[in-house]
Amino acid sequence: MRYQLIEVEPLTPTIGAVIHGADLTKTLDDETYSEIHDAWMEHQVLFFRNQPMTNERHLELGMRFGPLHIHPAAPFADDNPALMVVHTDKDSWRNNGSGWHSDVSADEEPPMASILHIREVPSQGGDTLFANMYAAYEALSEPMRKFLDPLAAIHTSDYTNFYGEHKPQRESPTATHPVVRTHPVTGRKLLYVNRGFTRQIKDLSRAESRALLDYLFEHAAQPRFHCRFQWEKDTVAMWDNRCTQHLAVWDYYPETRSGIRVTVKGDRPYH
Ligand code: SIN
């Protein structure tokens, strides 16, 4: 059997798995960590139900995967900028992550992982969709893949007034990344553009870039590349931010959905 300590229940043939038998409220032993890491590489996003973690444990879990990433502008909990607050209620003017995006892809070194602990859920709704960007790349025709492979694109963010009164931690980043990147662990190629941050493909005219990006965003938005996850209180999701993108549905106004995200630093994407 591939997994001895955890049970892995795939959500779709393409992406996502619910993990049973792991207790994230306690320090993970090396063997369980290693099985979780294997399942994560296989399914890209993992879900753990019934995990009433403290913020301290959440930080510890994140650091197990690597040094923590600080969001450029989002509010945080416990005076610790590594504890990003994800919160929407009746007074919110927008929802965090409502459009397809890969977290902070405008950073020179975008996060490799995001670990979201949802602590309060609306009575219905508030699901998150995740897309497998290996599958999106592999579904393109060979001539299209060959055309895209050497290209690079500019990712830009603008968090001015995005988080209301909260003062940004640093300037909104911008970076140039390959349109097709190679995952540093699996060695697989994947499509690395997202509607949230990718603005322009280098060396193409504005019109060419716009048309191609719109096509690629629509391509990646096909449900065959996705899973859709329904949260319960104290569910933890961990997504590989290098090879996925996600969209949080805001369909629960005026109810509240609230959680904390710990994000893990990644490295510079390469072709
Ligand atoms: C995010 O983009 O980190 C938010 C995802 C979510 O709220 O489900």
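Atoms within a ligand are numbered from 1 in the order they appear, just like the ligands themselves. These numbers come from the heavy atoms of this one structure, side chains and all, not from hydrogens, waters or symmetry mates. As the structure is a computational prediction, the values presented were derived from the model and not from experiment.
Between the side chains of His271 and Asp149, no donor-acceptor pair of N or O atoms lies under 3.5 Å. For the residue pair Asp38 and Tyr3, no side-chain donor N or O sits within less than 3.5 Å of a side-chain acceptor on the partner.
Listed by first then second residue, pairs satisfying salt bridge (Lys or Arg N to Asp or Glu O under 4.0 Å) with a partner in residues 44-53 read Arg49-Glu232, not counting sequence neighbours.
The ring pair (Phe, Tyr, Trp, His ring centres under 6.0 Å) search around Trp100 returns His226, not counting sequence neighbours. Every residue was checked against the side-chain hydrogen bond (donor to acceptor under 3.5 Å, both in side chains) condition with Thr256, not counting sequence neighbours, and none meets it.
Judged purely by atom type and a 3.5 angstrom limit, Gln230 has no side-chain atom pairing as donor or acceptor with the backbone of Gly125.
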Could you pull out every N or O of ligand 1 that sits under 3.5 Å from a protein N or O, with the distance for each pair?
unit_1, atom_1, unit_2, atom_2, d
ligand 1, 2 (O), His101, NE2, 3.0
ligand 1, 2 (O), His246, NE2, 2.9
ligand 1, 3 (O), Arg261, NH1, 2.7
ligand 1, 7 (O), Arg257, NH1, 2.8
ligand 1, 7 (O), Arg257, NH2, 3.3
ligand 1, 8 (O), Thr128, OG1, 2.6
ligand 1, 8 (O), Arg257, NH2, 2.8

